[in-house]
Number of protein chains: 2
Amino acid sequence: MSGTEPVRRTTRQRSAVLAVLDDLEQFRSAQEIHTELVRRGDSVGLSTVYRTLSALVADDDVDTLLRDDGETLYRRCHGETHHHHLVCRSCGATVEVDGPAVETWADRLAAEHGFDEVSHTLEIFGRCEKCRV
Amino acid sequence: MSGTEPVRRTTRQRSAVLAVLDDLEQFRSAQEIHTELVRRGDSVGLSTVYRTLSALVADDDVDTLLRDDGETLYRRCHGETHHHHLVCRSCGATVEVDGPAVETWADRLAAEHGFDEVSHTLEIFGRCEKCRV
DNA sequence: GGCTAGTTGAGAATGATTGTCAATCCCGGT
DNA sequence: ACCGGGATTGACAATCATTCTCAACTAGCC
Ligand SMILES: [Zn+2]
Ligand SMILES: [Zn+2]
Ligand SMILES: [Zn+2]
Ligand SMILES: [Zn+2]
């Protein structure tokens, strides 16, 4: 399917971004990840953070999620296969979920209406227990 | 649930935006709607377009949709109740769809994980028949 | 015809994301 | 260890959707 993927060199910056992602259980914005890198004293240029995240997404190593305000959030998920997320609006805590029924429903529906090259987005938002008053 | 809604006056601008929305079957961005208004010779300030659209969304008279690149699209839907969309990526043609099974699945899942104030986003993208090569 | 509060719009401001490009670095070959 | 060339970096500028500002305008009401 995908042609030969471009070579990715191992650099201090790339490792630093990956380290932050591996320590984070929540979906976070590029800006937040950049701030965290600075806080750790392992500073990486903002452009590089964006570039690295884009590469990770292209390689399917990182999942993205669009917040209501349009900002993109990133997270390194454990599941290898296609899945969705139950996300806490206030703390970003995330549960990876599978919905086999939804997958087939969406594909069938699209086919019935003559749609091609189908994809879908599905995210569930809420407030987790820890974030109750 | 919602308190007394703020008064909305009937202005030329508001009517013009609604007129465009009613003629459009596709999801469109605020900028595109603004361009269409100018083309019709019924120009409305861009700020006003955004303001009007926001008000319509707040009043549940218009549906929104976040495109992959984070831009917000607007559409005046026919269905009164909660529903989702099957959208053509190239022309924006939209089919309103219902997924009762998904609704209950999402709510139950969130409840099982102790989540509160649950909402969800679900959109299906594809290429419609007219947009095949 | 006036009053007044909601509305408008040109332009500035915001803020995330992307582009630029010279300096720097990784890595396979020697 | 020493190159060399292509990949990577980062300070900064640029883009672009969206929001803010605020003085001028107007719909709705007496
Ligand atoms: Zn995930
Ligand atoms: Zn899915
Ligand atoms: Zn709709
Ligand atoms: Zn739904």
Side-chain angles (χ1 to χ4, degrees), chain A residues 3-21 26-59 61-75 92, chain B residues 2-21 24 26-59 61-75 92:
Chain A
T4 308
E5 281 184 1
V7 182
R8 313 273 190 212
R9 292 187 179 170
T10 303
T11 65
R12 173 186 70 76
Q13 292 86 345
R14 187 180 177 78
S15 305
V17 171
L18 279 171
V20 168
L21 285 171
Q26 307 90 359
F27 268 95
R28 286 291 163 77
S29 71
Q31 311 270 351
E32 287 170 335
I33 291 169
H34 176 252
T35 300
E36 173 62 15
L37 285 164
V38 172
R39 200 188 60 69
R40 294 188 180 195
D42 205 359
S43 184
V44 172
L46 185 55
S47 305
T48 302
V49 173
Y50 274 105
R51 263 190 307 246
T52 304
L53 288 172
S54 298
L56 289 169
V57 170
D59 294 348
D61 287 327
V62 162
D63 280 6
T64 62
L65 170 53
L66 275 180
R67 204 164 45 191
D68 314 30
D69 64 357
E71 191 165 355
T72 303
L73 305 183
Y74 303 84
R75 178 175 190 266
Chain B
S2 53
T4 308
E5 283 185 359
V7 182
R8 314 270 191 214
R9 291 188 182 169
T10 303
T11 65
R12 174 187 69 77
Q13 292 86 344
R14 185 178 178 79
S15 305
V17 170
L18 279 171
V20 167
L21 285 171
L24 251 36
Q26 306 91 0
F27 269 94
R28 286 293 162 76
S29 71
Q31 311 269 351
E32 286 171 335
I33 290 168
H34 176 252
T35 300
E36 173 62 14
L37 284 163
V38 172
R39 200 188 60 70
R40 293 189 180 195
D42 206 359
S43 185
V44 172
L46 184 56
S47 307
T48 302
V49 173
Y50 275 104
R51 262 189 308 245
T52 305
L53 288 172
S54 299
L56 289 169
V57 169
D59 295 347
D61 288 326
V62 162
D63 280 7
T64 62
L65 170 54
L66 275 179
R67 205 164 46 190
D68 314 30
D69 65 357
E71 192 166 353
T72 303
L73 305 184
Y74 303 83
R75 178 176 190 265

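Order of the sequence lines sets the chain letters (A, B, ...), proteins ahead of strands, with each chain counted from 1.
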Please report the distance, rounded to the nearest Å, between CG in B:Leu73 and C1' in D:dT18. 14 Å
Correct closest heavy-atom pair for A:Ala16 and A:Leu37 would be O-CD2, 3.6 Å
Minimum side-chain heavy-atom gap B:Arg28-B:Leu21 below 4.5 Å: no
With nearest nucleotide decided by heavy atoms, which residue, B:Thr11 or B:Ser29, maps closer to the 5′ end of DNA chain D? B:Ser29
For B:Leu66 and D:dA17, give me the distance from atom CG to atom P, rounded to whole Å. 14 Å
Considering every strand and a 4.0 Å limit on heavy-atom distances, what is the contact class for B:Thr10: base, sugar-phosphate, or nothing? sugar-phosphate
Rounded to whole Å, CZ of A:Arg9 lies from P of D:dG6 at a distance of 10 Å
If only side-chain N and O atoms of A:Thr72 are considered, is one of them under 4.0 Å from the OP1 or OP2 phosphate oxygen of C:dA16? no
Using a cut-off of strictly less than 4.0 Å, decide whether A:Thr48 has a side-chain nitrogen or oxygen near OP1 or OP2 of D:dG10. yes
May I ask you to verify if any side-chain N or O of B:Gln13 is less than 4.0 angstrom from the OP1 or OP2 atom of C:dG9? yes
Worked check of side chain to side chain contact (heavy atoms under 4.5 Å, CB included) between A:Asp59 and A:Arg8: CA-CA 10 Å; A:Asp59 294 348; A:Arg8 313 273 190 212; 2.9 Å; yes
B:Gln31 CD - D:dC16 P separation (whole Å): 10 Å
Using distance alone, with no hydrogens and no angle criterion, decide if A:Arg51 and A:Thr48 have a side-chain donor and acceptor under 3.5 Å apart. yes
Using whole Å, what does the distance between atom C1' of nucleotide C:dT8 and atom CG of B:Asp42 come to? 14 Å
Separation of D:dC12 atom C1' from A:His34 atom NE2, nearest Å, is 13 Å
Gap between atoms CG and P, on A:Leu46 and C:dG19 respectively (whole Å): 14 Å
Does the side chain of B:Tyr50 get closer than 4.0 angstrom to OP1 or OP2 of D:dT19 through an N or O atom? no
Looking at the base of C:dG19, is there any donor atom on it, or on the side chain of A:Arg51, that sits under 3.5 Å from an acceptor on the other one? no
B:Arg12 CZ to D:dG28 C1', straight-line distance once rounded to whole Å: 18 Å
Is there a donor-acceptor pair closer than 3.5 Å between any side-chain N or O of B:His34 and the backbone N or O of B:Gly45? no
